[in-house]
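Everything numeric here is computed off the predicted structure, so don't read it as measured data.
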Amino acid sequence: MSHSPAWKPLVAAAVKRIKRIHAESAEHKLERTAQVLEELAARREWFSFANFPLPAPGGSGSQRYVLHADPDQGFALYVNALHPGKTSVPHNHGTWAIIVGIEGEETNRVYRITADDGPAAVVVDREFKVEPGHPALYQPDDVHSIHVLNGQPALLFHLYGKALETLTDRVAFDLESGKRYPYNEKHFRPSVSTI
């Protein structure tokens with residue numbers, strides 16, 4: 001992976017714009033933030049598999065790279081490189097989240113949970129593709145899963161209100177039993193730092 005300083009000022013400028021949006025606006029913050037990330041994603045000379053490679057085959061199926069996190073771990077921006085066939089269990093984030101496609105596509109399934117605690121029916125409410133020009137915007141308690149289905153790898157920006165490494169209360173759901181369990185205990189893997 002390139003540690004070229006050339007993309008770092010682009011990220012710094014984008015994060016500065018995003019923080020200004022969140023400081024000034026109560027409405028459409030996530031939509032406006034996604035627009036900034038879409039502009040960043042268009043800089044394909046820097047944001048590509050050449051600079052953010054897929055993991056070796058046979059591993060987890062994805063590799064996450066940290067591009068930015070504030071000293072308090074807020075406004076954490078990642079690039080996620082995913083092999084075809086990569087999926088996740090239904091989970092929440094515990095903070096707002098935005099996913100923006102750089103290359104390829106990732107199917108997102110959003111779920112309706114039928115009980116506030118204990119086992120619940122986990123029902124697909126909607127499904128859509130995250131790809132360039134079509135982001136996903138999530139609130140802290142939204143539950144979704146990801147699926148790279150079309151036989152091609154995917155490269156995406158993920159931006160969170162707080163760094164994933166700090167979100168120890170995230171919840172995952174077993175689709176068959178409806179049982180809840182701590183997401184990070186079974187599924188969290190450390191990110192590769194570029195900062």
Side-chain angles (χ1 to χ4, degrees), residues 1-19 30 33-71 73-89 91 93 95-109 128-138 144-167 170 183-184 187-195:
M1 181 188 67
S2 168
H3 289 279
S4 166
W7 59 260
K8 292 186 179 184
L10 299 174
V11 167
V15 170
K16 186 175 181 180
R17 288 174 62 196
I18 287 165
K19 289 166 87 170
L30 298 188
T33 299
Q35 290 172 352
V36 175
L37 292 176
E38 293 280 2
E39 293 173 22
L40 196 61
R43 299 298 303 267
R44 294 296 310 287
E45 70 271 30
W46 301 117
F47 302 105
S48 67
F49 289 114
N51 286 336
F52 301 97
L54 292 159
S60 68
S62 67
Q63 182 61 65
R64 186 175 53 246
Y65 300 90
V66 184
L67 302 187
H68 173 88
D70 282 353
Q73 299 302 299
F75 292 95
L77 178 61
Y78 304 84
V79 168
N80 210 8
L82 302 99
H83 277 291
K86 172 65 178 175
T87 64
S88 76
V89 298
H91 61 278
H93 294 113
T95 185
W96 56 264
I98 300 170
I99 306 172
V100 167
I102 302 170
E103 183 176 337
E105 65 183 45
E106 175 190 271
T107 297
N108 275 230
R109 294 180 184 148
F128 62 95
K129 291 178 183 173
V130 176
E131 56 191 345
H134 297 93
L137 312 174
Y138 293 114
H144 83 128
S145 62
I146 63 100
H147 311 267
V148 183
L149 300 174
N150 71 346
Q152 300 296 317
L155 192 69
L156 307 108
F157 284 127
H158 286 229
L159 177 67
Y160 302 96
K162 293 293 267 182
L164 292 176
E165 290 75 8
T166 70
L167 300 176
R170 295 172 71 194
Y183 179 90
N184 284 12
H187 304 291
F188 185 78
R189 294 175 340 285
S191 306
V192 173
S193 179
T194 67
I195 53 179

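Checking side-chain atoms of Glu38 against main-chain N and O of Gly133 turns up a donor-acceptor pair under 3.5 Å. A donor-acceptor pair under 3.5 Å is formed between the side chain of Ser88 and the backbone N or O of Ile146. Judged by distance alone, with hydrogens and angles left aside, the side-chain atoms of Ser48 form no donor-acceptor pair with the main-chain N or O of Glu45 at under 3.5 Å. Between the side chain of His158 and the backbone N or O of Leu77 there is no donor-acceptor pair closer than 3.5 Å.
The side chain to side chain contact (heavy atoms under 4.5 Å, CB included) check on Lys19 picks up Val15, Asp70, Phe75, with sequence neighbours excluded. Residues satisfying the ring pair (Phe, Tyr, Trp, His ring centres under 6.0 Å) criterion with His144, sequence neighbours excluded, are His91, His93, Tyr138. With sequence neighbours excluded, the residues that form a ring pair (Phe, Tyr, Trp, His ring centres under 6.0 Å) with Phe157 are Phe47.
For residues 147-163, there are no salt bridge (Lys or Arg N to Asp or Glu O under 4.0 Å) pairs, not counting sequence neighbours. Within the structure, the salt bridge (Lys or Arg N to Asp or Glu O under 4.0 Å) test picks out no pair touching residues 53-66 (sequence neighbours left out). The salt bridge (Lys or Arg N to Asp or Glu O under 4.0 Å) analysis of residues 129-138, with sequence neighbours excluded, yields the pairs Glu105-Lys129.
Of all heavy-atom pairs spanning Pro84 and Pro153, the tightest one is CG-N, 3.7 Å. Across every non-hydrogen atom of Ala76 and Ala163, the tightest pair is CB-CA, 3.4 Å. The two residues Pro53 and Tyr65 make their nearest non-hydrogen contact at O-OH, 2.5 Å. Contact record, Ser62 with Leu82: CB-CG, 4.0 Å, taken as the closest heavy-atom pair. The two residues Val100 and Ala34 make their nearest non-hydrogen contact at CG2-O, 4.1 Å. Heavy-atom minimum distance, Asn108 versus Ala136: OD1-CB, 4.1 Å.
More than 12 heavy-atom neighbours from other residues, nucleotides or ligands sit within 6.0 angstrom of NE2 on His68.
The existence of a salt bridge linking Lys86 and Glu106 is excluded, since no basic side-chain nitrogen approaches an acidic carboxylate oxygen closer than 4.0 Å.
Between Leu156 and Val130 the shortest side-chain heavy-atom distance falls below 4.5 Å. For the pair Leu164/Tyr78, a side-chain contact is recorded, criterion being any heavy-atom separation below 4.5 Å from C-beta on. You'll find the side chain of Thr87 stays beyond 4.5 Å of the side chain of Val148, heavy atoms only. Side-chain atoms of Arg43 and Leu10, non-hydrogen and from C-beta on, do get closer than 4.5 Å to each other. Two residues are said to be in side-chain contact when any heavy atoms from C-beta on lie closer than 4.5 Å; Thr194 and Trp7 meet this criterion. Arg17 has its side chain within reach of Glu39: a pair of non-hydrogen atoms, C-beta onward, lies under 4.5 Å apart.
Note: Leu30 CG to Gln35 CD = 11.5 Å, rounded to the nearest 0.5 Å. Residue Ile98 holds its CD1 atom at 6.0 Å from CG of Leu137, rounded to the nearest 0.5 Å. A distance of 4.0 Å separates CG in Leu155 from CD1 in Ile102, rounded to the nearest 0.5 Å.
Side-chain rings of Trp46 and Phe52 stay apart, their centers remaining 6.0 Å or farther from each other.
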Step by step, would you call Leu159 with Trp96 a side-chain contact (heavy atoms from CB on, under 4.5 Å)? CA-CA 8 Å; Leu159 177 67; Trp96 56 264; 3.8 Å; yes
| message | For a side-chain contact (heavy atoms from CB on, under 4.5 Å) check, start with the C-alpha distance between Glu103 and Arg44, then their side-chain angles and the critical distance, and finish with the verdict. | response | CA-CA 9 Å; Glu103 183 176 337; Arg44 294 296 310 287; 2.3 Å; yes
